[in-house]
Amino acid sequence: MEETILVGDDLMTGPPSPLIPPEIASHVLEGVDLCDGKLRNLFLCLQINDIEPFCQDEIGLYQQCAQKRDKELRQRLQDSEHKLGLSMPLDEAKQRAAQLESEVTTLERRLILASGIEGVEGFRQRWSLHGRVTDSRGRLEALKQGIEKRQKVAPVGGSTTKKWFFW
């Protein structure tokens, strides 16, 4: 039976950690385990032992924590964008959607350019850009769904004759 030895590059399986926009970072990051303690233990182990095979437990624990964290962050990002689509003034929400579309287009162009880079550096750039494109598309779709849902709920006719005041 063969034993698998994890190395640092094994942490690059799956998509990279999502980038959190500063305007919604406090809401998205609230209550999420950022895995900083596990990462600190991994670096400490690597500093003491100098090579990865002696830090298998730390690599595995950090990898599991990071995958769970990233999944939760992606869901929270999409939820936040959906809520913004529902609650932002319509013009600002449409402007945000246009900004996200522009960001996706720029990242896609950078990904095409990175396809010409060979070796490990090319792989890392493509890996990172692909993750960012996927995350940005998910955020954009969530924002658009929020905008569409609001437009379906919004009254089509003019103003109503009744006005409600809450004292």
Side-chain angles (χ1 to χ4, degrees), residues 1-86 88 93 96-147:
M1 186 166 148
E2 219 174 279
E3 186 177 330
T4 302
I5 296 179
L6 298 172
V7 294
D9 288 346
D10 290 319
L11 296 174
M12 291 179 64
T13 57
S17 296
L19 295 178
I20 313 294
E23 62 270 14
I24 58 175
S26 62
H27 171 70
V28 172
L29 295 173
E30 184 178 328
V32 176
D33 178 11
L34 299 178
C35 307
D36 51 346
K38 290 175 179 60
L39 185 61
R40 193 176 311 116
N41 288 343
L42 173 58
F43 281 128
L44 181 62
C45 180
L46 290 171
Q47 188 177 21
I48 292 169
N49 295 305
D50 201 34
I51 56 174
E52 292 157 333
F54 295 116
C55 300
Q56 294 299 292
D57 291 340
E58 288 81 1
I59 292 173
L61 288 172
Y62 177 74
Q63 187 176 32
Q64 287 176 349
C65 184
Q67 288 171 348
K68 181 182 173 192
R69 173 200 64 206
D70 292 350
K71 182 179 178 184
E72 186 176 353
L73 287 175
R74 281 188 177 82
Q75 186 59 49
R76 285 178 170 219
L77 272 171
Q78 289 182 4
D79 290 347
S80 290
E81 292 292 348
H82 184 78
K83 288 176 186 173
L84 284 173
L86 285 170
M88 262 183 149
R96 185 173 180 87
Q99 179 185 4
L100 276 172
E101 284 176 356
S102 173
E103 181 181 324
V104 167
T105 303
T106 302
L107 290 170
E108 286 173 338
R109 288 179 181 161
R110 289 180 55 200
L111 184 60
I112 291 169
L113 291 173
S115 65
I117 301 172
E118 295 182 9
V120 174
E121 185 58 33
F123 167 77
R124 287 187 176 152
Q125 281 190 24
R126 290 187 301 276
W127 174 74
S128 175
L129 287 168
H130 182 269
R132 289 177 60 192
V133 166
T134 305
D135 290 341
S136 295
R137 279 187 190 147
R139 288 176 46 215
L140 177 61
E141 287 305 312
L143 180 64
K144 284 182 175 180
Q145 287 173 2
I147 293 171

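These values consider heavy atoms only, across backbone and side chains, with no hydrogens, waters or symmetry-generated copies.
- The side-chain hydrogen bond (donor to acceptor under 3.5 Å, both in side chains) test with S136 singles out one residue from E108, E103, E141, and that residue is E103.
- The closest donor-acceptor contact from the side chain of E58 to the backbone of K38 lies at 3.5 Å or more, if one exists at all.
- Within a 6.0 Å radius of CZ in F123, other residues, nucleotides and ligands contribute more than 12 heavy atoms.
- Listed here is the closest heavy atom pair of L140 and A97: CD1-O, 3.5 Å.
- Salt bridge E101/K144: present, at least one basic N to carboxylate O contact under 4.0 Å.
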Exercise for the section: Tell me, with the steps shown, if R76 and E72 meet salt bridge (charged side-chain N to carboxylate O under 4.0 Å, His left out). Expected result: CA-CA 6 Å; R76 285 178 170 219; E72 186 176 353; 3.5 Å; yes

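- Screening L61, L6, V7 for a side-chain contact (heavy atoms from CB on, under 4.5 Å) with Q56, the sole residue that qualifies is L6.
- Other residues, nucleotides and ligands contribute more than 12 heavy atoms inside 6.0 Å of the CZ atom of R126.
- With hydrogens and angles disregarded, no donor-acceptor distance shorter than 3.5 Å links the side chain of R69 to the backbone of D33.
- Put simply, the side chain of R124 never gets that close to the backbone of V120: no donor and acceptor are under 3.5 Å apart.
- Environment of CD in Q47: sparse, with no more than 12 heavy atoms of neighbouring residues, nucleotides or ligands closer than 6.0 Å.
- The nearest pair of heavy atoms linking L129 to A114 is CD1-CB, 4.0 Å.
- Inspection of the R139 and S80 side chains reveals no N or O donor paired with an N or O acceptor under 3.5 Å.
- Distance alone, capped at 3.5 Å, is enough to place a donor-acceptor pair between the S115 side chain and the I112 backbone.
- Of the charged side-chain nitrogens involved, at least one lies within less than 4.0 Å of a carboxylate oxygen, so that R74 and D135 count as a salt-bridged pair.
- In this structure, CG on L73 lies 6.0 Å from CG on L29, to the nearest 0.5 angstrom.
- Between the side chain of W127 and the backbone N or O of G14, at least one donor-acceptor pair lies under 3.5 Å.
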